[in-house]
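Residues: numbered from 1 along the sequence shown. Not measured: the values here are computed from a predicted model.
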Amino acid sequence: MLLAAANGGFGMSTIVFFILIFGLMYFMMIRPQRKQQQKRQEMMNQLNVGDEVVTIGRLHGVVDSIDNEAKTVTLDCDGIYLVFDRMAIMRVEKKQNVAPASTTEPTNADTTDTTDDEKSDSTTTEEK
């Protein structure tokens, strides 16, 4: 009788332990992987012609065309057109807005390093 009670308690704690391990694995491995897959799928859905991308082979290029039936992307890499599987796109580079360079010339007030007090001091020393 004592042996049966001990085995029943041991079996229940083992089941709880395995459920706890499975729950921990879900929150530590499976759930983050699903989030990453959703983020990647969203990136692929937002891919447009003209986007700058980087492939899994670290090749940089601009999307020239997208074939949704064959699930391929044609990249323009400095005039060379290459066809890749859509899953070969690692990331989409953000386009940088470059502001045009300023064409105004600096004024005299911007180029002088001396202050008005230093100018008055230099004129008084020259007079002496």
Side-chain angles (χ1 to χ4, degrees):
M1 184 93 136
L2 186 61
L3 187 59
N7 284 339
F10 177 73
M12 187 59 125
S13 65
T14 304
I15 292 171
V16 170
F17 178 73
F18 279 116
I19 290 173
L20 189 65
I21 291 296
F22 181 74
L24 186 64
M25 278 181 37
Y26 176 77
F27 283 106
M28 297 296 286
M29 295 172 57
I30 298 170
R31 189 167 179 238
Q33 185 179 7
R34 282 189 182 171
K35 283 186 176 183
Q36 187 179 19
Q37 285 175 343
Q38 287 175 347
K39 185 178 177 183
R40 182 167 173 77
Q41 187 63 37
E42 183 179 313
M43 179 188 72
M44 289 296 160
N45 291 338
Q46 293 177 354
L47 190 64
N48 293 319
V49 174
D51 287 345
E52 295 179 8
V53 296
V54 179
T55 65
I56 57 175
R58 306 292 192 261
L59 182 69
H60 296 252
V62 178
V63 176
D64 185 60
S65 66
I66 300 171
D67 185 1
N68 289 327
E69 288 181 16
K71 296 183 181 180
T72 59
V73 176
T74 304
L75 297 183
D76 177 10
C77 303
D78 294 331
I80 300 171
Y81 293 89
L82 302 170
V83 179
F84 288 96
D85 186 44
R86 284 185 67 166
M87 289 296 131
I89 303 297
M90 183 173 65
R91 70 175 183 264
V92 178
E93 295 283 316
K94 293 183 180 178
K95 294 181 181 178
Q96 297 177 355
N97 294 332
V98 179
S102 177
T103 57
T104 59
E105 294 182 13
T107 61
N108 280 342
D110 293 339
T111 58
T112 58
D113 293 328
T114 58
T115 62
D116 290 334
D117 293 334
E118 290 176 349
K119 287 180 185 177
S120 63
D121 288 341
S122 65
T123 56
T124 57
T125 56
E126 289 176 3
E127 291 174 1
K128 291 182 184 179

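Note: Glu52 CD to Leu75 CG = 11.5 Å, rounded to the nearest 0.5 Å. In this structure, Leu20 CG and Phe17 CZ are separated by 7.5 Å, a value rounded to the nearest 0.5 Å. The distance from atom CG of Leu82 to atom CG of Leu59, rounded to the nearest 0.5 Å, is 6.0 Å.
Between Val63 and Ile66, the shortest heavy-atom contact is CG1-CG1, 3.7 Å. Contact record, Gly61 with Cys77: CA-SG, 4.0 Å, taken as the closest heavy-atom pair.
No more than 12 heavy-atom neighbours from other residues, nucleotides or ligands sit within 6.0 angstrom of CG on Asp78. By the 6.0 Å contact criterion, CD on Gln37 is enclosed, its count of non-hydrogen atoms from other residues, nucleotides or ligands being greater than 12.
In this view, Ser65 and Thr74 satisfy the side-chain contact (heavy atoms from CB on, under 4.5 Å) rule, not counting sequence neighbours. For Arg31, the side-chain contact (heavy atoms from CB on, under 4.5 Å) partners are Tyr26, Phe27, Lys35, not counting sequence neighbours.
Both Val53 and Ile80 are part of a single hydrophobic cluster, where members link through side-chain heavy atoms under 4.5 Å apart. Hydrophobic clustering of Ile, Leu, Val, Met, Phe, Trp and Tyr side chains at less than 4.5 Å, counting indirect connections, unites Ile56 with Val54. In the hydrophobic clustering of ILVMFWY residues, with side-chain heavy atoms under 4.5 Å counting as a link, Tyr81 and Val49 come out apart.
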Sequence neighbours excluded and cut-off under 3.5 Å, please list the side-chain donor-acceptor pairs for residues 84-91, or say none.
unit_1, atom_1, unit_2, atom_2, d
Arg86, NH1, Asn68, OD1, 3.0
Arg86, NH2, Met44, O, 2.5
Arg91, NE, Glu93, OE2, 2.7
Arg91, NH2, Glu93, OE2, 3.2

